[in-house]
Amino acid sequence: MAIRFLNTYTRALEEFRPLDPAGKTVKIYTCGPTVYNYAHIGNFRAYLFEDLLQRHLEASGYQVNRVMNLTDVDDKTIRGCRAAGLPLAQFTQKFKDAFFEDLKTLRIKPATTFPAATDPVYIARMIGMIGHLVEHGYAYQAEDKSVYFRLNKFPDYGKLAHLNLEELRPTGRIANDEYEKESVGDFALWKAWDEADGDVAWESPWGKGRPGWHIECSAMATGLLGDEIDIHCGGVDNIFPHHEAEIAQAECCTGHKFVRTWLHCAHLMVEGQKMSKSAGNFFTLRDLLQKGWSGREIRYVLLSVNYRLPLNFTFESLAAARSALGRIDEWIARLAEKAGSGQNASAHPLADPTRFAEALGDDLNISGALGVLFEMIRETNRALDRGELTPADARALLNTWEKINATLQFQREEEAISQAVLDLVEARAAARAAKNWAESDALRAKIDAAGWSVKDSKEGQKLSRK
RNA sequence: GGCGGGAUAGCCAAGUGGUAAGGCAGAGGUCUGCAAAACCUCUAUUCGCGGGUUCGAUUCCCGCUCCCGCCUCCA
């Protein structure tokens, strides 16, 4: 089934074809977190989009080799570790651990590799690349001892962002150059050590210092995936200058085109505003969990809008997600009951998974895909109400759901019912047999308080997790 | 100033040159001891505004308004 993506570089919808001559493996590089703090939900929106991308490619038969880097040395991590009075590695470890925990909470499939910038293997590779760039005239060491990329040697710089460098308006964010870079746009490949760096430093042919942020990604991407990769993802804010710099460095080192398809995820807003600490609308994943929302509910909200569109995150949308997921849960429970233990599946037309996959194949049109899913749910329920579905039909639908869920990861995890709750249910059954409705309602309230909701059907009481 | 994205019901949002998916919320009904769930019915004569092309435009073209992002290390 065809898959199309809107490539940032060409601004065109392109049919996806992997580099792999066998057409099997897909190489993806995704910019990972800077581990100086807990990641916020805006970060996770990007990681969830990448997760959806990976899972849909896998569902389409590809094998995905994905790299996500961990930036564990930069201005912020250095500032953080010095403020905490900890060695850099010890400071960042805490946030690395937290990051992996958060990935699990959100059911994000781990990348194949999570290289860290400070890994000696990659530091060595970065130094090697910088050396190559200096040797070939693409970079130079300035008076401040830092090494800079010589932008006028790479005319393609700005093509990804579609910026004309001559027309850039200075915004005051460019560090003032007392040290005479050749051109203001030249970015640092190697940053010479200064006092603010404390004991964070590596030796290099240009003296003590540390790598620039951009070269970290180029080194890890080409080191692990080769000169040319299929897909490179990140947030829109990374397009310029980060990804431009990555292209410049990689292509000047390898002489090859670096990335075939660039995919960029739009920003997350919270309650209609840009998320910021000062606006009081800044949330980490942990903040939301603490407020009682679950990982899958947050996953649903962050995933339910196409990655290229700005997503307005609200608590109303979390509540909507909870209801929508409840609808899916009910549907699965009904199907499971109907299917029983029979494994024979029919070829019921409702169980056709292709429309769902087709929607996702269209630049990850998740809204369209969810529309297909919920139509399937309504049609199934209707048929079930009319007694028109056989156990084999139900099994077929469940099998289809399994495929869909492999991509969405929305299914509720099974949870054992505690003995205390089972006792309450049993007592309630007795009260109901005696038509003692007051007692029945009181027990229902207790079961509810224990975190389960009970429903009465013709076949008796049914429990589900609240 | 340059570049880019967007504007569809109370909220989120899909979509197409031929008369508006889906989710949430809301109203009524069936079912139920009551609920819950499920199902049924209803909820945008209309897709930011003004022109144009067309038999026909939310969809194409032109102009405008508003919102958001980026413009040198924020996903």
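Worth saying up front: this structure is predicted, and the values here are computed from it rather than measured. Below, read A as the first sequence line, B as the second, and so on, with proteins coming before strands; counting in each chain starts at 1. Only this structure's heavy atoms are used, side chains among them; waters, hydrogens and symmetry mates stay out.
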Could you tell me how far apart Lys159(A) (NZ) and G2(B) (P) are, to the nearest whole angstrom? 22 Å
Would you kindly compare Ala321(A) and Phe187(A) by the position of their nearest RNA chain B nucleotide and give the one closer to the 5′ end? Ala321(A)
Hey, which of these two, Gly371(A) or Trp213(A), hits RNA chain B nearer its 5' end, going by closest nucleotide? Gly371(A)
Can you measure Asp448(A) atom CG to C34(B) atom P for me and round it to whole angstrom units? 19 Å
Look at all strands and tell whether Ser440(A) reaches a base, only sugar-phosphate, or nothing, counting heavy atoms closer than 4.0 Å. base
Pick the P atom in U41(B) and in G23(B), then give their distance to the nearest Å. 13 Å
What's the closest nucleotide to the side chain of Lys76(A) if the choices are C74(B), U72(B), G23(B)? C74(B)
For Ser453(A), which contact category applies under a 4.0 Å heavy-atom criterion: base, sugar-phosphate, or nothing? nothing
Between His214(A) and Phe187(A), is the gap from one ring center to the other below 6.0 Å? yes
Any N/O pairs under 3.5 Å between the protein and nucleotides 4-13 of chain B? List them or say none.
unit_1, atom_1, unit_2, atom_2, d
A13(B), O2', Ser367(A), OG, 3.2

Select one nucleotide: of C70(B), C34(B), C68(B), the one nearest the side-chain heavy atoms of Arg444(A). C34(B)
Got a donor-acceptor contact below 3.5 angstrom from the Arg82(A) side chain to the Ala196(A) backbone? yes
Quantified in whole Å, what is the P atom distance between nucleotide A36(B) and nucleotide G28(B)? 12 Å
Rounding to an integer number of Å, can you tell me how far Leu325(A) CG sits from C24(B) P? 10 Å
Result for ring pair (Phe, Tyr, Trp, His ring centres under 6.0 Å) between Tyr38(A) and one of Phe95(A), Phe44(A), Phe99(A), Phe283(A) points to Phe95(A)
Within the 4.0 Å heavy-atom criterion, would you say Lys458(A) contacts the bases, only the backbone, or no part of the nucleic acid? nothing
Pick base, sugar-phosphate or nothing for His40(A), based on heavy-atom distances below 4.0 Å to the nucleic acid. base
Using atom P in both nucleotides, what's the gap between A9(B) and U58(B) to the nearest angstrom? 15 Å
Between G48(B) and A13(B) - P atom distance, rounded Å: 14 Å
Tell me: CG of Asp75(A) to C1' of C74(B), nearest whole Å? 13 Å
Rounded to whole angstrom, note down the P distance from A20(B) over to C42(B). 14 Å
Determine the interatomic distance between C1' on C49(B) and the same-named atom on U65(B); round to the nearest Å. 7 Å
Separation of G15(B) P from Arg355(A) CZ (nearest whole Å): 14 Å
Can you tell me how far the CG atom of Leu303(A) sits from the CD1 atom of Ile108(A), to the nearest 0.5 Å? 9.0 Å
From CG of Leu384(A) across to C1' of C31(B) the rounded distance in Å is 15 Å
If we take the P atom in both C62(B) and A14(B), what is their distance in whole Å? 23 Å
Length of the line joining Ile328(A):CD1 and C24(B):C1', which is rounded to integer Å: 13 Å
Roughly how far apart are Leu302(A) CG and Leu268(A) CG, rounded to 0.5 Å? 6.5 Å
To the side chain of Arg428(A), which of G15(B), A21(B), G33(B) is closest? G33(B)
Using a 4.0 Å heavy-atom cut-off, write out nucleotides 38-43 of chain B from 5' to 3' as B (base contacted by protein), S (sugar-phosphate only) or - (no contact). SSS---
Without swapping roles, check the side chain of Arg4(A) against the backbone of Glu14(A) for a donor-acceptor pair under 3.5 Å. no
For Phe374(A) and G22(B), say yes or no: do the ring centres fall under 5.5 Å of each other while the ring planes differ by less than 30°? no
Find the distance Asp237(A):CG to U72(B):P and express it as a whole number of Å. 13 Å
The side chain of Ser323(A) is closest to which nucleotide in this list: G23(B), A25(B), C34(B)? A25(B)
Between His264(A) and His243(A), is the ring centre distance below 6.0 Å? yes
Is the Trp331(A) ring parallel, tilted or perpendicular to the Trp401(A) ring (thresholds 30°, 60°)? perpendicular
Using a 4.0 Å heavy-atom cut-off, does Gly42(A) contact any base of the nucleic acid, only the sugar-phosphate backbone, or nothing at all? base
Is there a donor and acceptor pair closer than 3.5 Å between the side chain of Asp441(A) and the base of G33(B)? yes
Expressed in whole Å, how much space separates the P atoms belonging to C3(B) and G63(B)? 13 Å
Can a salt bridge be assigned to the pair Asp51(A) and Arg299(A) using a cut-off of 4.0 Å between side-chain N and carboxylate O? yes
Decide, yes or no, whether a salt bridge links Glu101(A) with Lys104(A) under the criterion of side-chain N to carboxylate O below 4.0 Å. no
Would you call Asp456(A) and Arg432(A) a salt bridge, taking side-chain N to carboxylate O under 4.0 Å as the test? yes
Please find out if less than 6.0 Å separates the ring center of Phe410(A) from that of Tyr300(A). yes
